[in-house]
Chemist: 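Handing you a structure now.
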Number of protein chains: 2
Amino acid sequence: MFNVEYYCKGGIEMNNVIDVMMNRVSLRKYDERLVAKEHIDIILECAMRAPTAGNMMLYSIIKVEDQKKKDVLSKTCDNQPFIAKAPLVLIFLADYQRWYDYYIHSQVSDYCKSKGVKFEGPSEANLMLATCDAIIAAQNAVIAGEALGIGSCYIGDIMENYETHRELFNLPKWVFPVGMLCMGYYPEGYNKVKRERFDEKYIVYTDTYDESYKDNIKDCFKNIERRFNETNEFGAKNMGQVHYAIKTGAEFSKEMARSVKVALKNWNSEIIE
Amino acid sequence: MFNVEYYCKGGIEMNNVIDVMMNRVSLRKYDERLVAKEHIDIILECAMRAPTAGNMMLYSIIKVEDQKKKDVLSKTCDNQPFIAKAPLVLIFLADYQRWYDYYIHSQVSDYCKSKGVKFEGPSEANLMLATCDAIIAAQNAVIAGEALGIGSCYIGDIMENYETHRELFNLPKWVFPVGMLCMGYYPEGYNKVKRERFDEKYIVYTDTYDESYKDNIKDCFKNIERRFNETNEFGAKNMGQVHYAIKTGAEFSKEMARSVKVALKNWNSEIIE
């Protein structure tokens with residue numbers, strides 16, 4: 001697909017795997033150009049080559065081209081207008097429907113009866129596994145895009161408003177949208193600003209989980225604490241309170257909690273006749 | 001970290017982002033060498049640079065060095081002996097504990113009382129969001145490894161036996177292991193065999209989910225169907241029945257369903273006092 005000689009002649013910036021990952025930032029403002037079909041093809045090919053549990057590919061991808069649907073998403077996903085302007089929008093669906101349709105087509109019901117066992121539908125664990133599959137594929141798409149000069153932003157808010165999205169995209173029962181990517185070329189001269197992460201010692205442990213961060217919680221959260229403003233709009237006395245107010249306490253979060261609870265009801269290992 | 005000039009002189013194989021993703025296979029047999037500390041550092045750095053919801057890093061990583069713990073994992077994760085032999089084992093945990101401890105430290109309880117609202121613990125949606133964060137980080141680790149000649153295999157079975165893993169790794173309440181990576185250098189002369197994926201037309205849709213694969217289900221599943229053996233050990237009449245028997249119908253799958261149901265009980269938006 002790519003030619004080493006070509007890259008090494010410096011025709012375009014070299015694609016170095018580690019550099020691409022280390023320099024990636026979330027991009028919410030895109031160049032107006034459409035993403036080239038050749039680039040979309042590469043992004044999707046990399047997504048579909050991603051590791052997948054038992055080679056089952058427990059996901060599907062919806063490429064949203066319809067501007068009206070992008071407009072809806074920009075409202076249903078926590079009112080983020082930039083979604084409507086993204087040149088490329090990909091929804092990653094956790095998908096067990098394909099396999100259960102295959103099982104039904106294969107008379108698994110008869111097989112189970114002959115063995116004296118129950119034919120069970122997907123469980124909550126299957127949703128989790130399919131979510132992993134979908135997100136692994138999504139991250140390959142992110143990195144492939146980045147290597148091609150195409151920035152991206154994940155929209156977890158696609159888990160909100162399940163009923164609306166189910167209708168908008170004709171989703172069958174055992175399909176749930178777990179991630180969305182807005183993508184587009186970096187605008188010319190875009191200034192990447194990398195956000196600070198937690199220190200490695202608070203994220204990576206050896207052999208056992210370590211709760212000792214609790215003794216250094218101010219140090220652990222120092223990059224967050226720095227952003228505290230005493231005259232905040234929430235009437236909060238510290239950054240932890242502000243953060244709760246803008247996350248768990250916020251409307252989008254309550255909607256996501258509700259939406260996922262509704263969707264989870266489909267993933268209850270029900271008996272299929 | 002890497003020097004373009006050096007790579008282009010052909011000192012070692014060039015790291016091309018797209019090629020690395022397109023040529024990756026799951027590796028279950030590793031060279032005996034330990035993974036170099038410098039390489040582990042790069043893998044973890046790339047993981048921690050991965051996109052994360054609201055920059056919250058809703059995950060932790062446990063590097064399993066203790067051989068006894070690897071031995072346990074090789075049994076609790078659906079009896080896969082190669083896990084015990086993997087030079088590098090990384091467990092990716094969906095983790096809301098860190099943030100809730102910060103909220104508690106920040107007297108969010110008092111804040112909520114002053115506002116007349118309830119202080120809510122993590123919801124099922126928070127587990128889903130944290131799972132996405134953890135897996136996005138894991139996939140960066142996979143790709144970084146691959147670029148360094150380090151192969152990997154995802155073990156979704158880490159979601160089984162929740163109680164055992166909770167005890168083995170001292171996991172607090174709002175931490176759940178969603179993925180594990182076994183990693184190690186490719187053995188010399190390893191012959192990569194890429195498994196066939198579903199055709200793109202059955203995975204990628206435009207603007208709406210498309211159930212028309214049902215009309216072409218034999219074509220959709222042709223790579224799977226090819227593996228059917230009439231004298232199979234399950235007494236199954238077709239490949240769909242075999243597949244159900246080795247997946248949803250299998251012990252590991254029932255255990256994963258049970259384990260996730262138990263873990264999910266912690267993620268019920270409980271009121272924190």
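Keep in mind the model is a prediction, meaning the values are calculated, not measured. All heavy atoms count here, side chains included; hydrogens, waters and symmetry mates do not. Sequence lines set the chain letters: A, B, ... in the order given, protein chains first and strands last, and positions in each chain run from 1.
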Chemist: Check whether A:Met159 gets within reach of chain B through its side chain, its backbone, both or neither, counting any heavy atom under 4.5 Å.
Modeler: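 The side chain, not the backbone.
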
Chemist: Checking A:Leu264 against chain B: side chain, backbone, both or neither under 4.5 Å from a heavy atom?
Modeler: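 Contact with chain B is through the side chain of A:Leu264 alone.
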
Chemist: Go through B:Tyr162 and B:Val260 one step at a time and tell me if the side chain to side chain contact (heavy atoms under 4.5 Å, CB included) criterion holds.
Modeler: CA-CA 7 Å; B:Tyr162 168 54; B:Val260 168; over 6 Å; no

Chemist: Quick one: which of A:Lys247, A:Lys70, A:His243, A:Gln107 has the most heavy-atom pairs under 4.5 Å with chain B, could you say?
Modeler: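 Counting heavy-atom pairs under 4.5 Å, the top option is A:His243.
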
Chemist: Would you say A:Gln67 has more than 12 foreign heavy atoms packed within less than 6.0 Å of its CD?
Modeler: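 Enclosed: over 12 neighbouring heavy atoms sit under 6.0 Å from CD of A:Gln67.
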
Chemist: Please tell me if the side chains of B:Ile61 and A:Tyr205 come closer than 4.5 Å, counting only heavy atoms from C-beta onward.
Modeler: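 No, every pair of side-chain atoms sits at 4.5 Å or beyond.
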
Chemist: For B:Lys237, does the NZ atom have more than 12 heavy-atom neighbours from other residues, nucleotides or ligands under 6.0 Å away?
Modeler: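 Incorrect, the count does not exceed 12.
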
Chemist: Answer with side chain, backbone, both or neither: which region of B:Cys153 has an atom nearer than 4.5 Å to a non-hydrogen atom of chain A?
Modeler: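 Neither; nothing under 4.5 Å.
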
Chemist: Checking B:Ile136 against chain A: side chain, backbone, both or neither under 4.5 Å from a heavy atom?
Modeler: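 Both parts, backbone and side chain.
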
Chemist: Given that the side chain runs from C-beta out, which part of A:Thr206 has a heavy atom under 4.5 Å from chain B: side chain, backbone, both or neither?
Modeler: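 Both backbone and side chain.
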
Chemist: Measure distances from B:Ile246 to the heavy atoms of chain A and classify the residue's part below 4.5 Å as side chain, backbone, both or neither.
Modeler: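 Interface part for B:Ile246: neither.
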
Chemist: By a 4.5 Å heavy-atom criterion (distance strictly below it), what part of B:Glu211 contacts chain A: side chain, backbone, both, or neither?
Modeler: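 Contact with chain A involves the side chain of B:Glu211 alone.
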
Chemist: Chain A: which of B:Gly235, B:Ala47, B:Gly179, B:Ala137 shares the most heavy-atom pairs with it under 4.5 Å?
Modeler: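 Greatest number of close heavy-atom pairs with chain A: B:Gly235.
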
Chemist: Please classify the contact between B:Phe198 and chain A as side chain, backbone, both or neither, with a heavy-atom cut-off of under 4.5 Å.
Modeler: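 B:Phe198 touches chain A through backbone and side-chain heavy atoms alike.
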
Chemist: Given the options B:Leu168, B:Asn126, B:Ile62, which has more heavy-atom pairs under 4.5 Å with chain A than any of the others?
Modeler: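 Heavy-atom pair counts peak at B:Ile62.
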
Chemist: Tell me, for A:Ala53 versus chain B, whether the close heavy atoms (under 4.5 Å) come from the side chain, the backbone, both or neither.
Modeler: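 Nothing of A:Ala53, per the 4.5 Å heavy-atom cut-off to chain B.
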
Chemist: Check whether A:Tyr102 gets within reach of chain B through its side chain, its backbone, both or neither, counting any heavy atom under 4.5 Å.
Modeler: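 Contact with chain B involves both backbone and side-chain atoms of A:Tyr102.
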
Chemist: Just checking, any donor-acceptor pair under 3.5 angstrom between side chains of B:Thr248 and A:Tyr100?
Modeler: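 Yes, side-chain donor-acceptor contact under 3.5 Å.
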
Chemist: Which answer fits B:Val117, side chain, backbone, both or neither, if we ask what part of it has an atom under 4.5 Å from a heavy atom of chain A?
Modeler: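 Neither part; nothing is under 4.5 Å.
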
Chemist: Any heavy-atom pair between the side chains of A:Gln139 and B:Ile135 that's under 4.5 Å?
Modeler: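 The answer is no, as the side chains (C-beta and beyond) never meet within the 4.5 Å cut-off.
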
Chemist: Let me know if A:Ile143 has heavy atoms under 4.5 Å from chain B in its side chain, its backbone, both or neither.
Modeler: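 For A:Ile143, heavy atoms of backbone and side chain both lie under 4.5 Å from chain B.
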
Chemist: Highest number of heavy-atom pairs under 4.5 Å with chain B: which of A:Lys194, A:Gln97, A:Lys69?
Modeler: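 Option with the greatest count: A:Lys194.
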
Chemist: Which atoms of A:Val175 come close to chain B, meaning under 4.5 Å heavy atom to heavy atom: side chain ones, backbone ones, both, or neither?
Modeler: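 When you check distances to chain B, only side chain atoms of A:Val175 fall under 4.5 Å.
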
Chemist: Can you tell which of B:Arg49, B:Met48, B:Lys254 has the highest number of heavy-atom pairs within less than 4.5 Å of chain A?
Modeler: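 Highest number of pairs under 4.5 Å: B:Arg49.
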
Chemist: Examine B:Tyr103 together with B:Tyr111 and report whether their ring centres are nearer than 6.0 Å.
Modeler: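 They do not qualify: ring centres at least 6.0 Å apart.
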
Chemist: Contact part of B:Asp207 toward chain A, heavy-atom cut-off under 4.5 Å: side chain, backbone, both or neither?
Modeler: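 B:Asp207 touches chain A through backbone and side-chain heavy atoms alike.
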
Chemist: Using heavy-atom distances under 4.5 Å, tell me whether A:Tyr244 contacts chain B through its side chain, its backbone, both, or neither.
Modeler: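 Both backbone and side chain.
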
Chemist: Can you tell me how far OG1 of A:Thr208 sits from CD of B:Glu65, rounded to the nearest 0.5 angstrom?
Modeler: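 Between atom CD of B:Glu65 and atom OG1 of A:Thr208 there are 12.5 Å.
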
Chemist: Heavy-atom cut-off 4.5 Å, strictly under: side chain, backbone, both or neither for B:Leu93 against chain A?
Modeler: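 Contact with chain A: side chain only.
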
Chemist: Please determine, among B:Ala125, B:Gly54, B:Ser26, the option with the most heavy-atom pairs under 4.5 Å with chain A.
Modeler: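 Among the listed options, the one with the most contacts to chain A is B:Ala125.
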
Chemist: Under the rule for side-chain contact (heavy atoms from CB on, under 4.5 Å), what residues qualify as partners of A:Arg258, not counting sequence neighbours?
Modeler: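 A:Arg258: side-chain contact (heavy atoms from CB on, under 4.5 Å) contacts with A:Glu163, A:Glu255, A:Val262.
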
Chemist: Does any donor atom in the side chain of B:Ser152 or B:Arg24 lie under 3.5 Å from an acceptor atom in the other side chain?
Modeler: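 There is such a pair (donor and acceptor under 3.5 Å, judged by atom type) between the side chains of B:Ser152 and B:Arg24.
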
Chemist: Using heavy-atom distances under 4.5 Å, tell me whether A:Ser123 contacts chain B through its side chain, its backbone, both, or neither.
Modeler: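 Contact with chain B involves the side chain of A:Ser123 alone.
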
Chemist: Picking from A:Asp95, A:Asp101, A:Asp66, A:Val64, which has the most non-hydrogen pairs under 4.5 angstrom with chain B?
Modeler: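 Ranked by contacts with chain B, first place is A:Asp101.
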
Chemist: Return the option, out of A:Gly249, A:Ala134, A:Cys132, with the maximum number of heavy-atom pairs under 4.5 Å with chain B.
Modeler: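 Highest number of pairs under 4.5 Å: A:Cys132.
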
Chemist: Report the option among B:Phe234, B:Tyr59, B:Trp99 that has the most heavy-atom pairs separated by less than 4.5 Å from atoms of chain A.
Modeler: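 If we count pairs closer than 4.5 Å to chain A, B:Trp99 comes out on top.
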
Chemist: Step by step, work out the side chain to side chain contact (heavy atoms under 4.5 Å, CB included) result for A:Met239 and A:Phe221.
Modeler: CA-CA 9 Å; A:Met239 194 57 205; A:Phe221 283 84; over 6 Å; no

Chemist: Closest heavy-atom contact between A:Val20 and A:Ala147?
Modeler: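 So the minimum-distance heavy-atom pair works out to CG1-N, 4.1 Å.
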
Chemist: What part of A:Glu196 lies closer than 4.5 angstrom to a heavy atom of chain B: side chain, backbone, both or neither?
Modeler: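 A:Glu196 touches chain B through backbone heavy atoms alone.
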
Chemist: Taking the six-membered ring of A:Tyr202, is NZ or CZ of B:Arg98 closer than 6.0 Å to its centre and within 45° of its axis?
Modeler: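 So B:Arg98 doesn't make the cation-pi contact.
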
Chemist: My understanding is that only residues two or more places apart in sequence, or in another chain, count here; which of them pass side-chain hydrogen bond (donor to acceptor under 3.5 Å, both in side chains) with B:Asn223?
Modeler: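 Once residues adjacent in sequence are excluded, the partners of B:Asn223 under the side-chain hydrogen bond (donor to acceptor under 3.5 Å, both in side chains) criterion are B:Arg226.
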
Chemist: Where does A:Phe176 contact chain B at under 4.5 Å (heavy atoms): side chain, backbone, both or neither?
Modeler: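 When you check distances to chain B, only side chain atoms of A:Phe176 fall under 4.5 Å.
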
Chemist: Among A:Arg195, A:Lys63, A:Gln241, single out the residue with the greatest number of heavy-atom pairs under 4.5 Å to chain B.
Modeler: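 Going by pairs under 4.5 Å, I would pick A:Gln241.
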
Chemist: Which residue out of A:Gly121, A:Ala138, A:Pro172 racks up the most heavy-atom pairs below 4.5 Å with chain B?
Modeler: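 Most pairs with chain B among the choices: A:Pro172.
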
Chemist: Report which part of A:His105 has an atom under 4.5 Å of a heavy atom belonging to chain B: side chain, backbone, both, or neither.
Modeler: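 Just the side chain, heavy atoms under 4.5 Å.
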
Chemist: Taking all heavy atoms of A:Ile43 and all of A:Ala141, pick out the closest pair and write down the distance.
Modeler: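 Closest approach of A:Ile43 to A:Ala141: CG2-CB, 3.7 Å.
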
Chemist: Rounded to the nearest 0.5 Å, how far apart are CG of B:Asp133 and CE of B:Met56?
Modeler: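 Interatomic distance, B:Asp133 CG to B:Met56 CE, rounded to 0.5 Å: 8.5 Å.
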
Chemist: So what's closer than 4.5 Å to chain B heavy atoms on A:Ile91: side chain, backbone, both or neither?
Modeler: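 For A:Ile91, there is no contact with chain B at all, as no heavy atom is under 4.5 Å.
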
Chemist: Distance check, rounded to the nearest 0.5 Å: B:Ile272 atom CD1 versus B:Glu120 atom CD?
Modeler: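 Those atoms lie 9.0 Å apart.
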
Chemist: Run the side chain to side chain contact (heavy atoms under 4.5 Å, CB included) test on B:Met22 and A:Cys46 for me, step by step, so that the C-alpha distance in whole Å, both residues' side-chain angles and the decisive distance to 0.1 Å come before the verdict.
Modeler: CA-CA 6 Å; B:Met22 289 304 293; A:Cys46 284; 4.0 Å; yes

